[in-house]
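Worksheet for the structure shown next.
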Amino acid sequence: MSEPRTAAAVPAGTALTTQTLIAARGLKKTYGSGPAAFHALRGVDLDVRQGETLAIVGKSGSGKSTLMHLLALLDSPSAGTLEVMGQDARTLKPAQVNDIRNSAFGFVFQQFFMIPNASVLENVELPLKIGGVPAHDRRRKALAVLEQVEMADKANNRATDLSGGQKQRMVIARAIVNEPRVVFADEPTGNLDTATGQVIEDLLFGLNESAGITLVIVTHDEDLAARCSRQLSLRDGLVVAQEAGA
Ligand code: ADP
Ligand code: MG
């Protein structure tokens, strides 16, 4: 376990201000309109800080995935503002949004979004391909991250043939192949048995510890949430509690 982060533990010369990567103010999201309108988020304020591990918790339907999708620029809010690495999301052109998503963010979602008939290696190379990285470098980087998640021996297997835990490892490899600032994970251990979930959890926290990657994790799992440096609790589309954790 790491020591509590106190001011005294910060080495001399280190800036004491923690950089805010994503700042959300008054975020609202309404699905549908008229009498069928559903207010999934009803005004959420949140700062995601560089290097933190943030858990978003709450009952099913409380708006966790909706909030994560907004923070990750996968969807637009109905109201409120979002600043991503100093830029107002409303001013970003679609190409800039794609660029941030592809180069600064990594995604670990339950719906794996795999290219089904492609190999593990091709799936992991995808963000690099989108980013225009030449084939030779793509291969080298993809193999390096597959090594990191202990899946190098599965590089040429068909992605669809993998077990749940192996798919999740592949998805993590793909999420980090571009060396992102933030990894967003939605119930990353939700479909896995306890032992495999633990491996995936350790992988994610290892990225935070070794590479300083910021983690934003939606989870039902109390142990996983407790391991995060902060927990944000949602109920009916509102933040009801914020706690500092591990
Ligand atoms: P959580 O991840 O906490 O389970 P979600 O953010 O997925 O919750 O959903 C919050 C609420 O918004 C739920 O009641 C859900 O049914 C509703 N919702 C989510 N996505 C849509 C959508 N595309 N259209 C209509 N309602 C939606
Ligand atoms: Mg969800």
Side-chain angles (χ1 to χ4, degrees), residues 1-2 52-60 64-65 68-69 72 74 101-102 105-130 138-229 231 245-246:
M1 282 288 109
S2 57
E52 77 170 327
T53 52
L54 173 68
I56 300 175
V57 300
K59 285 185 187 155
S60 180
K64 305 181 297 295
S65 296
M68 173 169 284
H69 290 161
L74 292 166
R101 276 203 305 247
N102 193 56
F105 295 165
F107 299 98
V108 179
F109 287 175
Q110 253 174 30
Q111 329 79 300
F112 302 109
F113 302 117
M114 301 183 297
I115 322 170
N117 285 312
S119 71
V120 169
L121 188 67
E122 286 166 317
N123 269 279
V124 174
E125 281 184 9
L126 187 63
L128 300 172
K129 205 168 177 178
I130 293 169
R138 285 207 302 264
R139 181 151 295 241
R140 186 175 50 77
K141 287 186 177 174
L143 280 171
V145 288
L146 280 170
E147 196 81 52
Q148 227 178 308
V149 301
E150 295 175 10
M151 285 276 292
D153 58 327
K154 301 280 186 298
N156 296 314
N157 289 33
R158 246 165 46 129
T160 30
D161 294 341
L162 301 174
S163 70
Q166 289 170 336
K167 278 181 191 153
Q168 201 62 306
R169 286 186 207 220
M170 178 190 76
V171 168
I172 290 176
R174 187 177 58 190
I176 61 173
V177 74
N178 263 341
E179 298 168 37
R181 306 272 296 269
V182 188
V183 167
F184 294 94
D186 196 345
E187 306 278 6
T189 59
N191 288 334
L192 306 174
D193 63 79
T194 309
T196 311
Q198 199 62 46
V199 170
I200 296 303
E201 223 181 281
D202 290 346
L203 262 173
L204 288 170
F205 284 94
L207 296 172
N208 174 258
E209 277 151 31
S210 65
I213 293 177
T214 303
L215 301 179
V216 179
I217 305 177
V218 164
T219 185
H220 272 106
D221 180 339
E222 285 178 16
D223 293 336
L224 173 52
R227 210 172 152 179
C228 291
S229 57
Q231 291 96 33

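Please read these numbers as outputs of a predicted model, since none were measured by experiment.
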Practice item. Find out whether L146 and V124 are in side-chain contact, i.e. whether some heavy atom of one side chain is under 4.5 Å from a heavy atom of the other. Key: yes
Point to revise | salt bridge (Lys or Arg N to Asp or Glu O under 4.0 Å) evaluation trace for K167 with D161 | key: CA-CA 9 Å; K167 278 181 191 153; D161 294 341; over 6 Å; no
Practice item. For atom CD of E222, decide whether the heavy atoms of other residues, nucleotides or ligands shown that lie under 6.0 angstrom number more than 12. Key: no
Revision key, fill the gap. Looking only at heavy atoms, the pair that brings H220 and K59 closest together is NE2-C, 4.4 Å
Check your understanding: Between N102 and P127, is there a donor-acceptor pair closer than 3.5 Å when you use the side chain of the first and the backbone of the second?
Key -> yes
Point to revise | Separation between OG of S119 and CD of E125, rounded to the nearest 0.5 Å | key: 7.0 Å
Check your understanding: More than 12 non-hydrogen atoms from neighbouring residues, nucleotides or ligands closer than 6.0 Å to CZ on R158, yes or no?
Key -> yes
Check your understanding: Do NZ/NE/NH1/NH2 and the carboxylate oxygens of D221 and R227 come within less than 4.0 Å?
Key -> no
Check your understanding: Taking all non-hydrogen atoms of both residues, which atom of V149 and which atom of A173 are closest, and how far apart?
Key -> CG2-CB, 4.0 Å
Study note, to complete from the structure: Distance col, row T189:OG1 vs I217:CD1, nearest 0.5 angstrom, shows 8.5 Å
Exercise for review: Go through V216 and V183 one step at a time and tell me if the side chain to side chain contact (heavy atoms under 4.5 Å, CB included) criterion holds.
Suggested key: CA-CA 6 Å; V216 179; V183 167; over 6 Å; no
Exercise for review: Please confirm whether the backbone N or O of P188 pairs with a side-chain atom of Q168, one donor and one acceptor, at under 3.5 Å?
Suggested key: yes
**Study point:** Side-chain donor/acceptor of T160 to backbone N/O of N117, under 3.5 Å
**Key:** no
Point to revise | Residue pairs, two or more places apart or on separate chains, that pass side-chain hydrogen bond (donor to acceptor under 3.5 Å, both in side chains) and touch residues 140-156 | key: none
**Study point:** Closest non-hydrogen atom pair, K64 against G58
**Key:** NZ-O, 3.0 Å
Review point. About how many Å separate CD of E122 and CZ of R174, when rounded to the nearest 0.5 Å?
Key: 12.5 Å
Practice item. Evaluate the side-chain proximity of M68 to F109: yes if any heavy-atom separation is below 4.5 Å, no if none is. Key: yes
Check your understanding: Do side-chain atoms of N208 reach the backbone of T214 as a donor and acceptor pair under 3.5 angstrom?
Key -> no
Check your understanding: Quick check: does any side chain N or O of E209 sit under 3.5 Å from a backbone N or O of G206, one acting as donor and the other as acceptor?
Key -> no
**Study point:** Sequence neighbours excluded - ring pair (Phe, Tyr, Trp, His ring centres under 6.0 Å) pairs with any residue from residues 185-211
**Key:** none
Exercise for review: Would you name the heavy atoms of A159 and N123 that are closest together and state the gap between them?
Suggested key: CB-ND2, 3.3 Å
Practice item. State, with a plain yes or no, whether a side-chain heavy atom of L121 is found less than 4.5 Å away from one of R139. Key: yes
Review point. How far does CG of L224 sit from CD of E201, to the nearest 0.5 angstrom?
Key: 4.5 Å
Exercise for review: Report yes if the side chains of L215 and C228 come closer than 4.5 Å at any heavy-atom pair, otherwise no.
Suggested key: no
Exercise for review: Locate the shortest heavy-atom distance separating V57 from T219; write the atom from each residue and the value.
Suggested key: CG1-O, 3.6 Å
Revision key, fill the gap. In this structure, CD1 of I213 is separated from CD of E52 (nearest 0.5 Å) by 14.5 Å
Review point. Between the side chain of D186 and the main-chain N/O of S65, is any donor-acceptor distance below 3.5 Å?
Key: no
Study note, to complete from the structure: Distance col, row L192:CG vs I200:CD1, nearest 0.5 angstrom, shows 6.0 Å
**Study point:** Check: L207 and I172 side chains under 4.5 Å, non-hydrogen atoms
**Key:** yes
Review point. Which pairs with one or both residues in residues 174-198 pass ring pair (Phe, Tyr, Trp, His ring centres under 6.0 Å), sequence neighbours excluded?
Key: F105-F184, F107-F184
